[in-house]
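Note that these values count all heavy atoms, side chains included, but never hydrogens, waters or copies made by symmetry. Here is how names work: the chains are called A, B, and so on, in the same order as the sequence lines, proteins then strands, and each is numbered from 1.
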Amino acid sequence: MALKVYNYLTHELERFRPIDGEIVRMYVCGPTVSDHAHLGHAKTYVAMDVVVRYLSHRGFQVYHVRNFTDVGHSLDTGEDRILHGARRQGLNPMELVDIYVRSFLADMDTLGVQRPNISPRAACHVPEIITWVRALIEQGHAYEVAGSVYFSVASSPDYGKLGRRQLPDLQAGAPVQMCAEKRHPADFALWKAADSEQTLRWPSPWGEGYPGWHIECSVMATKYLGVPFDIHGGGVENIFPHNDCEIVQAEAHNHVPFANTWLLAGSLRVNGAKMSKSLGNFLTIRDALHLYSPEAIRYFVLSSHYRAPVDFSRDALKAAQRGANHLHAAVRQLRRRMQEKLPTEGAGTAALSDVSSLETYRARFRAAMDDDFNTPVALAVLSDLVSETNRMLDGSLLVSLGTLSTIDKLFRDLAGDVLGILPRNLEMQGDGQMVGELVSYLLDLRTEFRDAQEWGRADAIRERLEQVGIAIEDGPGDTTWHMKG
RNA sequence: GGCGACGUAGCCAAGUGGUAAGGCAGGGCUCUGCAAAAGCCUUAUUCGUCGGUUCGAUUCCGACCGUCGCCUCCA
């Protein structure tokens, strides 16, 4: 079966074919690093991460570039976002950038978002940007006014093709402010003249200045991926103008298409309104991680389709946390059972049919993911697998080690490698050997109390362990424990 | 005003021209010292409203109502 993806450029579900056979070249618009990332970023980047993971799972070699915007992106007041943050915190602008680059990467690492091959920064590509801007002027696509350079949207009939905008519509739109220097209201800055406040500045043929927001993505994507490349990802809020500006300037400069497929993630909302810094209704990823596990946040994001907007709520996150725990409990039980089995035991033939029926889960999962990364259906397949696993483990039938490890492999591949909702240290009980020995001593003690029917003392141990994040479960015969998610 | 998306049980969320996946929450039962975990059963005559096409529509078409996003701050 073929992988089909929804391409925002054509608004159609298309069969996905990379330009270069096995290699997929992908660019994703990264964050402006002037603050901690919030759950909206988590939604977009977890969604894109699953795209990367699934492509890899399917045998493609993904070459992934995601930028950091560290200059040129201004607030609605016109002030550069990085300078604004640096001024408020009394830091050098690049110091601020370093802090939030590290913060972002730490958050993404915790969420299990795989790092891209390259994370280029705009400020490191000023020479390339200047070369591009000069070329665009020479080709009649851009013009200089008082040290700033603007892209002329009228020079390209294709402008607005991703966001489906027509120039007349833009002129009719109410909020468009005409900057006196621009020839057309939709013209956008490639290079901005630096005023005295602007400390992030570079010499250029047009005087001291700094790059505009959109040009970096075109320049860096072209530099590291070549053009055209396969996939351009990001969030829907950037369709217009950012993505359209990227396309128009890149195609004017390169004379070939920019990106073949555009995959854009829907926004995260809070009570129906978009979660964003300007509305002040955001929850940072690090704050969210105090309340929910990384797997719960991923589970929440993946429980709706990546293109759909998702409403954040405590109930939704709680439900996701429960769903993730449910999955983890089943896998934990499974692995416990595998450890109990002696390698020679249970090599019976009864398992053969089981194993082949288990492969249908893989096929169902793959069919769901092939259908434009339908993660809600993929999660439903995993839920079915969890139920079947639990039933098997609870039942009285002997299950072979082969069957157990086949199921474990399914969970590792699908829940672990593709969706990233199985923690790597699931079977590791605690932080180290000492914790393990202490807990097992306490459990021995509790067993003694239970045998003596001193329930109060036995329950007190359970409660204290609960308080430090260790859950215990009395099974038939023995008591097991694990760190709570 | 322009462009686009969406409205499915208490909540979240898939889906199909042939009679509604899955999750969470709720209810009942089993297991258990209690708990936790797990299992079994149970929870939408119905898919925003009204028309149309059809043997048959939640799914296609039209109108209407409602919600949301973008239209140069945003992942």
Looking for any heavy atom pair under 4.0 Å, which part of the strands does [X] touch: base, sugar-phosphate only, or nothing?
X	answer
A:Ser313	nothing
A:Arg450	base
A:Ile472	base
A:Asp474	base
A:Asp315	nothing
A:Asp311	nothing
A:Gly160	nothing
A:Ala319	sugar-phosphate
A:Gly40	base
A:Leu268	base
A:Ser383	sugar-phosphate
A:His214	nothing
A:His242	nothing
A:Arg457	nothing

Query raised in the report: Do A:Arg391 and B:C40 have a side chain to base donor-acceptor pair shorter than 3.5 Å?
Result: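 When only heavy-atom distances are counted, A:Arg391 does not reach the base of B:C40 through any donor-acceptor pair under 3.5 Å.
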Query raised in the report: Is there a donor on the side chain of A:Asp371 or the base of B:G15 sitting less than 3.5 Å from an acceptor on the other?
Result: no
Paired with [N] by Watson-Crick or G-U wobble geometry, both distances under 3.5 Å: which nucleotide is it?
N	value
B:U53	none
B:C47	none
B:G17	none
B:G1	B:C71
B:G33	none
B:G26	B:U42
B:C6	B:G66

Query raised in the report: With respect to the phosphate group of B:G15, does any side-chain polar atom (N or O) of A:Asn374 fall under 4.0 Å of OP1 or OP2?
Result: yes
Query raised in the report: Is there a side-chain polar atom (N or O) of A:His326 under 4.0 Å from OP1 or OP2 of B:A38?
Result: yes
With a 4.5 Å heavy-atom cut-off, do [X] and [Y] have their side chains touching?
X	Y	result
A:Val145	A:Lys182	no
A:Val153	A:Val248	no
A:Phe104	A:Val113	no

Round to the nearest Å and state the distance from [X] atom [atom1] to [N] atom [atom2].
X	N	atom1	atom2	value
A:Lys274	B:A5	NZ	P	18 Å
A:Arg364	B:A21	CZ	C1'	9 Å
A:Asn281	B:C68	CG	C1'	14 Å
A:Leu379	B:A13	CG	C1'	10 Å

Taking the [atom1] atom in each of [N] and [M], what is the distance between them to the nearest angstrom?
N	M	atom1	value
B:G7	B:G15	P	10 Å
B:U19	B:U53	P	23 Å
B:C34	B:G22	C1'	33 Å
B:G66	B:C24	C1'	26 Å
B:U30	B:A5	C1'	47 Å
B:C71	B:A21	P	40 Å
B:A57	B:G51	P	13 Å
B:C3	B:C60	C1'	24 Å

Query raised in the report: Does A:Arg457 CZ have over 12 foreign heavy atoms under 6.0 Å away?
Result: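 12 or below, so no.
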Requested in this report: Determine yes or no for a side-chain-to-main-chain donor-acceptor pair under 3.5 angstrom, with A:Asn117 supplying the side chain and A:His64 the backbone.
Outcome: yes
Query raised in the report: Out of A:His73, A:His242, A:Glu246, which one pairs with A:His214 under the side chain to side chain donor-acceptor pair (under 3.5 Å) rule?
Result: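 Of the listed residues A:His73, A:His242, A:Glu246, the side chain to side chain donor-acceptor pair (under 3.5 Å) partner of A:His214 is A:His242.
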Query raised in the report: Hey, is A:Trp455 doing a stacking thing with B:G33, by the 5.5 Å centroid and 30° angle criteria?
Result: yes
Requested in this report: For A:Asp478 and A:Thr480, test the side chains for any donor-to-acceptor distance below 3.5 angstrom and give the result as yes or no.
Outcome: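 On atom types as modelled, these side chains do not qualify, holding no pair under 3.5 Å.
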Query raised in the report: Would A:Tyr143 and A:Asp187 count as having a side-chain donor-acceptor pair, cut-off 3.5 Å?
Result: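 Short answer, yes.
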